[in-house]
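Each chain gets a letter, A, B and so on, in the order its sequence line appears, and its residues count up from 1.
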Amino acid sequence: MFFRITQRDLLLAMRRRSDVLTTLFFFVIVVSLFPLGVGPEMSMLRTMAPGVVWVAALLASMLSLGRMFSSDHVDGTLEQMLLSPQSLSLLVLGKALAHWLVTGVPLVLMAPVLGIQYDLSADSLLVLTASLLLGTPVLSLIGAIGAALTLGLRGGGVLVSLLVLPLYIPILIFGAGAVEASAAGLGAAAHLSLLGAFLLAAVVLAPWTTAVSLRISME
Amino acid sequence: MPTLQGIDLTCIRGDRKLFSGIHFSLDAGGLMQVGGPNGSGKTSLLRMLCGLAIPAHGEIRWGGSEIRSLGGAYYADMTYLGHLSGVKDDLTALENLRISSALAGTEVDASKAHDALQLMGLGGRDLLPAKVLSQGQRRRVNLARLLVCNTVLWILDEPLTALDAAAVKLMQGVMERHLEKGGMIVMTTHQEIEIAAAATQRLQLA
Amino acid sequence: MGRKTSQGTQYLDMAINWFKYSSPASFYFLAGKMIPLFSVAAVLFCVVGLYIGFFVAPTDFQQGEAYRIIFIHVPAAWMSMFLYVVMAVWAGIGLAFNTRLSSMVATAIAPTGAMFTFLALWTGALWGKPMWGTWWVWDARLTSELILLFLYIGFMSLQAAIDDPRRADKAGAMIALVGVVNAPIIYFSVKWWNTLHQGATVSLTQSPKMATTMLTGMLIMSIACWMYAIAVILIRTRAIILERERHTSWVGELQGAKS
């Protein structure tokens, strides 16, 4: 059932490919804007790169959060999910997985290319990709809570950013920190394992919290 | 066969009390028609019976246990069709039917789903995306779920809106067969419809 | 700090034992009687605390007179953190036991908590200027305090966006609980980030040797802040009760008696 819901969301995303591409292009554009704002000096860009890529990833992943539940809410599918004999937490996990596959994975794949724009070394590129691979699923999982709580509210899109961005801060710190640590020769293992721990915690806790929030919002 | 019971139900929307002191008991083969003017709380009552809304007072029992405590076990026995169709524009009629059934806990293979859609008069349209279907046809896709599900209790909110005379007659037959087999139906409708049932009760909300 | 726990248990007693006062109507009248007491206590403690802070406490030989802002800064920072926890606890009780009054109290706490957070940031900046020559440093404490302000703003915006008060209570409780679980994680990540970047490491509260009078002044100011917070929260809770219960007979009688 878990894969069934993921499969359905992927199918829907494939029928509306433009939505997926919009998120990806947003990410690319935001990252490309920074050199235009701060100047093309390579040494500065190199130190900024991890932070810039990570902040852009946060924003891109957040932009698409609204879609996670709202279309299902509008057409009544969400109601049916709440009435499913399957565990709602599991359904939510399936939806979060689909969200990550559709919005997170393209960012992870695109990040090395953008890192080259910022003259990152091969090692740094590898760590950046690894940190995004571990961190972006957490963004989808935490974001699901915000999306569930703001379901159907006016101005839900802006509101969700107020709720979710402060919660993203640890991911930002350790995601960008991993690249900086490896560039400074300290090794990124500690940062990456912490990101892994966040991911585990989020997989366990976030779907349940989201399920409770969905029931509150649908009542 | 379990019984659906409502005990002293009260519904408050915002500051307004919609209804209070609603009692009923529905047994196997029983049909309950919920009537009342717009805004009298028909949909609210049905959402309560599904566990989507919590009554301000009173409780709903399925086989003697409170439905919220039953959770998934209750949902395995129940099918709810609400105002919203739950039909996805971008999926075909067939995909819609198979996915919504799977969500409700019944896996339906393609040929069975095809037959159900055929019976609902959507033969030859089952591979079209739902966005090209008319309002009534989308409703039929939704109602086709009743043909493939094997739940006891059906809770239907205005199931006959947007349907033509032939489809209304068809649904009438489907519901009668369900009741004959010992199923139960709670429904709201504005249309006058005669459904033969072992026991029919009317619940009028003021 | 000791004051906080005793106050906490007192609140809890009220919810569990004094069932009579868990109904909004009785609470309304009880709160009406308590507000003057707490207001007077707040003014008294504040006068005494400020007197100690400005006239009794010795001048710091390193920081001169500028340090005296800690008599407001530190209590405000403490309050901002305690109040977030207290708010989350009340909201959580409201969610778990469906007690409307506790949710109302949580809603009433948020603006006061946000105000103290803002005050802590503002006084921190004022103190930073003479100390470090800049209004803002990305110090771990200041940064965490800024994030705490974001958490308060998120809670208040979410509740403000929801029309149905029951949903607003529950959704607010969820985000407050998620925030309170994440707060330590956020705090430690900010700390790690700060040490990694070797930023300003001037600690705001741990002067090597703090004179007893300084500590006394700070504690008395904290008590004053508590009294003020309780009084304001009670006033706000009363307003929320009136708004939510405006259709009940007891509010009607109250209105009738006034006019």
Side-chain angles (χ1 to χ4, degrees), chain A residues 47 51 138 141-181 183-184 186 188 190-191 194-195 197-198 201-202 205-206 208-219, chain C residues 84 91-92 94-96 98 103 110 114 117 138 140 143-199:
Chain A
T47 46
V138 187
L141 285 161
I142 295 179
I145 302 175
L149 285 174
T150 55
L151 199 65
L153 299 181
R154 337 162 223 115
V158 186
L159 193 57
V160 83
S161 57
L162 276 183
L163 298 183
V164 158
L165 282 179
L167 302 176
Y168 280 175
I169 286 169
I171 309 298
L172 170 66
I173 288 177
F174 289 105
V179 187
E180 285 167 27
L186 297 170
H191 290 81
L194 260 169
L195 282 177
F198 288 153
L205 296 175
W208 180 78
T209 316
T210 311
V212 176
S213 306
L214 279 176
R215 289 200 192 275
I216 289 172
S217 295
M218 292 293 289
E219 200 180 292
Chain C
Y84 193 84
L95 183 67
N98 208 3
S103 304
T117 318
W138 289 96
T143 312
S144 312
E145 196 72 17
L146 183 66
I147 298 168
L148 185 64
L149 183 64
F150 295 157
L151 291 178
Y152 274 118
I153 291 174
F155 176 86
M156 289 191 287
S157 325
L158 179 64
Q159 289 210 321
I162 303 176
D163 292 327
D164 174 26
R166 274 170 57 94
R167 183 181 164 192
D169 283 346
K170 292 181 176 178
M174 285 309 288
I175 201 68
L177 290 174
V178 170
V180 96
V181 168
N182 273 284
I185 304 176
I186 296 177
Y187 179 71
F188 285 112
S189 21
V190 170
K191 242 183 138 167
W192 181 332
W193 162 80
N194 194 242
T195 46
L196 188 82
H197 290 264
Q198 298 294 330

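Atom CG of A/Leu163 is separated from atom CG of C/Leu151 by 9.5 Å, given to the nearest 0.5 angstrom. Atom CG of C/Asn182 and atom OH of A/Tyr168 lie 11.5 Å apart (nearest 0.5 Å). Here the NZ-CD distance, from C/Lys170 to A/Glu219, works out to 4.0 Å after rounding to the nearest 0.5 Å. In this structure, C/Ile186 CD1 and A/Leu172 CG are separated by 11.5 Å, a value rounded to the nearest 0.5 Å. Rounding to the nearest 0.5 Å places OG of C/Ser144 at 9.0 Å from CD1 of A/Ile169. With values rounded to the nearest 0.5 angstrom, A/Leu194 atom CG is found 10.0 Å from C/Ile185 atom CD1.
Heavy atoms of A/Leu214 lying under 4.5 Å from chain C are absent altogether. Neither the backbone nor the side chain of A/Ser161 comes within contact range of chain C; no heavy atom of the residue lies under 4.5 Å from a heavy atom of that chain. When heavy atoms are compared at a cutoff of 4.5 Å, C/Leu177 does not approach chain A at all. Within the 4.5 angstrom heavy-atom criterion, atoms from both the backbone and the side chain of C/Val190 approach chain A.
Between A/Leu149 and C/Leu158, the shortest heavy-atom contact is O-CD1, 4.0 Å. A/Ile216 and C/Met174 make their closest contact through CD1-CG, 3.5 Å (heavy atoms, listed as atom of the first residue, atom of the second, distance). The two atoms that bring A/Pro166 and C/Ile147 nearest to each other are CB-CG2, 4.3 Å, heavy atoms only. Heavy atoms only, all atoms of each residue included: A/Leu167 and C/Gly179 are closest at CD2-CA, 4.5 Å. Residues A/Leu153 and C/Arg167 approach most closely at CD2-NH1, 3.7 Å, considering heavy atoms. Contact detail for C/Asp163 and A/Arg154: the closest heavy-atom pair is OD1-NH2, 2.8 Å.
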Show the numbers, then the answer: is there a side-chain contact (heavy atoms from CB on, under 4.5 Å) between C/Trp192 and A/His191? CA-CA 11 Å; C/Trp192 181 332; A/His191 290 81; 3.9 Å; yes
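The most heavy-atom pairs under 4.5 Å with chain C, out of A/Val164, A/Leu165, A/Leu151, A/Ile145, come from A/Leu151.
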